[in-house]
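Worksheet: one structure, shown below.
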Amino acid sequence: MADARHTRARYRRLLRFAMRYMVQAWWFEIFLPRIGLAKPAARGRAARLQRIARNFHTLAVALGGLMIKVGQFMSSRLDVLPPEITKELEGLQDEVPPVEFAQIRTLAEAELGVPLEHAYAFFDPEPLAAASLGQAHRARLTPAEAAETGFADVVVKVQRPGIEAIVDVDLAALRRVAGWLNRVKLVSSHVDLPRLVEEFAQTSLEEIDYLHEALNAERFAEEFADDDRVRVPEIAWERLTRRVLTLQDVTAIKINDLAGLRAAGIDPSAVAADFAPVMFDQLFVDGFFHADPHPGNIFVTPLPAGSRADGRDWALTFVDFGMMGEVPDSLRRGLQRFLIAVAARNGRQLVDSVKDLGVLLPSADTAELERAMTELFARFGGMGFADLRQLDERELRGFAIEFSATMRALPFQLPENFLLIIRAMSLTSGMCSSLDPDFNIWNAVEPYAGRLLRDERGGTVRAFAQEAVSIAGIAARLPRRLDDVVTRIEDGKLAVETPRLDQRIRQLERTGRRVVSAILFAGLLIGGILLRPVDAVFGTVLMAASAAPLLHALFAGMLGRRGPG
């Protein structure tokens with residue numbers, strides 16, 4: 001009974017939080033602009049968004065469960081959310097206290113069917129790491145099992161007790177909120193929230209299924225079985241359930257530990273030179289990739305001399321295979337075309353490849369995106385991170401704001417697999433740049449794109465590239481006057497003035513605003529009445545605020561008749 005009450009309270013708290021800020025967003029982003037107060041509403045937008053993100057951060061840490069995952073997920077949704085929110089959530093990690101060891105012991109013994117002392121020769125009660133969905137402990141296999149598996153030292157991941165019920169409640173709340181928001185045209189025209197929630201649900205349910213993670217690890221190991229650059233921990237299958245995972249302890253030098261790498265005689269820039277193509281192979285060739293390659297999930301493992309054919313005496317060891325991405329053949333071919341467009345610094349070709357990937361809705365006007373990408377390549381193409389640091393900070397910030405606004409204005413949503421690809425690429429680029437300040441992602445991409453073009457199996461990609469060259473040749477032969485006109489249109493310098501039409505439009509807008517005000521008056525009044533049982537203060541504020549649109553609807557017509565026109 002107590003658990004049921006706790007579950008209902010958690011569900012209501014999540015919905016109350018969402019409803020409060022949905023109403024606030026409606027007030028500032030829809031209501032105030034409709035009555036001519038767009039500028040005052042916009043002035044405080046950044047501060048409001050940051051406050052919402054901070055409050056969500058606090059809620060996520062307090063509730064744990066999926067809420068921290070939601071924050072991490074949102075922090076990477078640059079295609080949907082403004083930077084004020086994503087930046088505030090960037091640092092959101094699994095900031096939850098560890099579960100008491102007694103509860104971990106109870107769950108692990110129930111899962112394994114034997115006391116911990118019989119399952120392991122040693123089990124450290126102090127957690128190695130604690131997260132919102134589970135925690136990890138160091139342990140050692142019994143001599144008999146160590147002889148069978150070939151390793152003794154292990155890391156045991158144990159699910160947090162009751163996490164499955166919490167995940168169910170959180171997903172139910174998220175689906176409810178997504179349904180509310182999907183009824184708002186402004187939201188539904190830019191993002192399919194119910195589908196987004198289902199994608200997140202699938203990823204989350206897979207992440208709490210340790211059998212799924214073990215199978216991912218085994219498949220990943222098979223993909224790199226003949227590649228001496230990569231190592232993968234082995235699984236102790238006799239000590240595996242859906243809620244307990246035992247795997248070989250492969251702890252070594254963290255990939256971002258520059259001092260540790262140099263102390264071991266390993267050149268960090270050589271690690272970067274290996275890491276980038278290893279990730280590219282996963283993304284563009286194998287189609288099965290590690291979607292969370294952050295420093296805690298990748299080690300550099302020293303090897304005996306002569307272990308690698310290229311003479312290097314270390315390997316990249318990947319761990320934690322709960323979040324993996326899979327790229328279907330059709331999407332992988334599209335990504336290869338995308339990669340070639342990036343290597344060619346061709347804005348139009350890149351936009352065409354994005355269309356082919358299916359991430360833009362049919363209503364999307366891609367002229368602005370093409371112009372933004374062309375400008376991006378013209379201004380920053382070929383630069384490494386070291387070069388970018390030498391640029392004027394104001395120039396970078398100004399372009400970033402302009403580019404982000406263009407991206408958010410387009411009606412598109414990245415499919416989940418594509419989002420994971422961007423996440424993996426972003427982490428790869430950042431990691432390589434920290435290992436080697438002179439690392440240039442452009443230089444890493446270009447030879448890879450060239451290899452795709454030369455690949456006999458890449459006929460579709462090669463045809464695409466040849467077609468792009470043909471189109472570029474035709475465009476180059478266009479008469480100069482036509483080229484000038486096209487350029488002026490693309491730059492927004494060609495305009496047609498229609499003063500009488502503009503006057504009529506302004507009159508219609510005034511009439512329309514009065515109608516909208518009348519509707520908003522009723523909406524605010526009814527919304528306040530409905531909201532009062534959930535949040536008395538905010539509900540009362542809405543009821544009082546309904547006076548503003550009422551006054552506008554009644555008197556705006558008289559004021560308009562006294563004015564000119």
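Residue numbers count from 1 along this sequence. Note that the structure is a prediction, hence the values are computed from the model and not measured.
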CZ of F280 to OG1 of T428, rounded to nearest 0.5 Å, is 7.0 Å
Of all heavy-atom pairs linking I163 and G65, the shortest is CD1-CA, 4.0 Å
Is there side-chain contact between M279 and P293, with at least one heavy-atom pair below 4.5 Å? yes
CG of L133 to CZ of R160, rounded to nearest 0.5 Å, is 8.5 Å
Notebook entry, point to check: Quick check: does any side chain N or O of Q282 sit under 3.5 Å from a backbone N or O of H290, one acting as donor and the other as acceptor?
Noted result: yes
Exercise for review: Could you tell me whether a side-chain N or O of E326 sits under 3.5 Å from a main-chain N or O of G287, the two making a donor and an acceptor?
Suggested key: no
* Taking the side chain as C-beta and beyond, is there a heavy-atom pair between E198 and R195 under 4.5 Å? -> no
* **Minimum side-chain heavy-atom gap W180-L15 below 4.5 Å** => yes
Check: N297 and F318 side chains under 4.5 Å, non-hydrogen atoms | no
Value for CZ (R183) from CG (L193), rounded to nearest 0.5 Å, stands at 12.5 Å
Heavy-atom nearest pair, V319 first then G296, reads CG2-O, 4.0 Å
Heavy-atom closest pair (V327 atom, F289 atom, distance to 0.1 Å) is CG2-CE2, 3.6 Å
When rounded to the nearest 0.5 Å, the distance separating CZ of R43 from CG of L37 is 9.5 Å
Here the gap from Q24 atom CD to I52 atom CD1, rounded to the nearest 0.5 Å, amounts to 5.0 Å
Heavy-atom nearest pair, L258 first then S434, reads CD1-O, 3.8 Å
Practice item. With the side chain counted from C-beta on, respond yes when Q159 and E164 share a heavy-atom pair under 4.5 Å apart, and no when they do not. Key: yes
Taking every heavy atom of R10 against every heavy atom of G64, the minimum-distance pair comes out as NH2-O, 3.3 Å
ask   = Salt bridge between E29 and R34, side-chain N to carboxylate O under 4.0 Å?
value = no
Requested in this report: Test side chain to side chain donor-acceptor pair (under 3.5 Å) on N55 and Y21 and set out the steps.
Outcome: CA-CA 10 Å; N55 290 343; Y21 289 109; 2.6 Å; yes
Short side-chain to backbone donor-acceptor contact, E206 and H212, under 3.5 Å
no
Would you say that L14 contacts L63 through its side chain, given a criterion of any heavy-atom pair below 4.5 Å between the two side chains?
yes
Is any side-chain heavy atom of F321 less than 4.5 Å from a side-chain heavy atom of D292? no
Checklist entry - Hey, are the side chains of I255 and L435 touching, using non-hydrogen atoms and a 4.5 Å cut-off? => result yes
Query raised in the report: S429 side chain to M425 main-chain N or O, any donor-acceptor pair under 3.5 Å?
Result: no
So does P295 get a backbone contact from the side chain of N256, meaning a donor-acceptor N/O pair under 3.5 Å?
no
**Request:** Assess whether side-chain contact (heavy atoms from CB on, under 4.5 Å) is satisfied between M22 and W26, documenting all intermediate values.
**Result:** CA-CA 6 Å; M22 283 168 58; W26 173 73; over 6 Å; no
A172 and Y11 have their tightest heavy-atom pair at C-CE1, 3.9 Å
Rounding to 0.5 Å, atoms CZ (R175) and CG (N182) come to a distance of 14.5 Å
task = Assess R45 against F28: is NZ or CZ under 6.0 Å from the centre of the six-membered ring, and within 45 degrees of the ring's axis?
result = no
Derivation and outcome, side-chain contact (heavy atoms from CB on, under 4.5 Å), residues H57 and V61
CA-CA 6 Å; H57 186 289; V61 173; 3.8 Å; yes
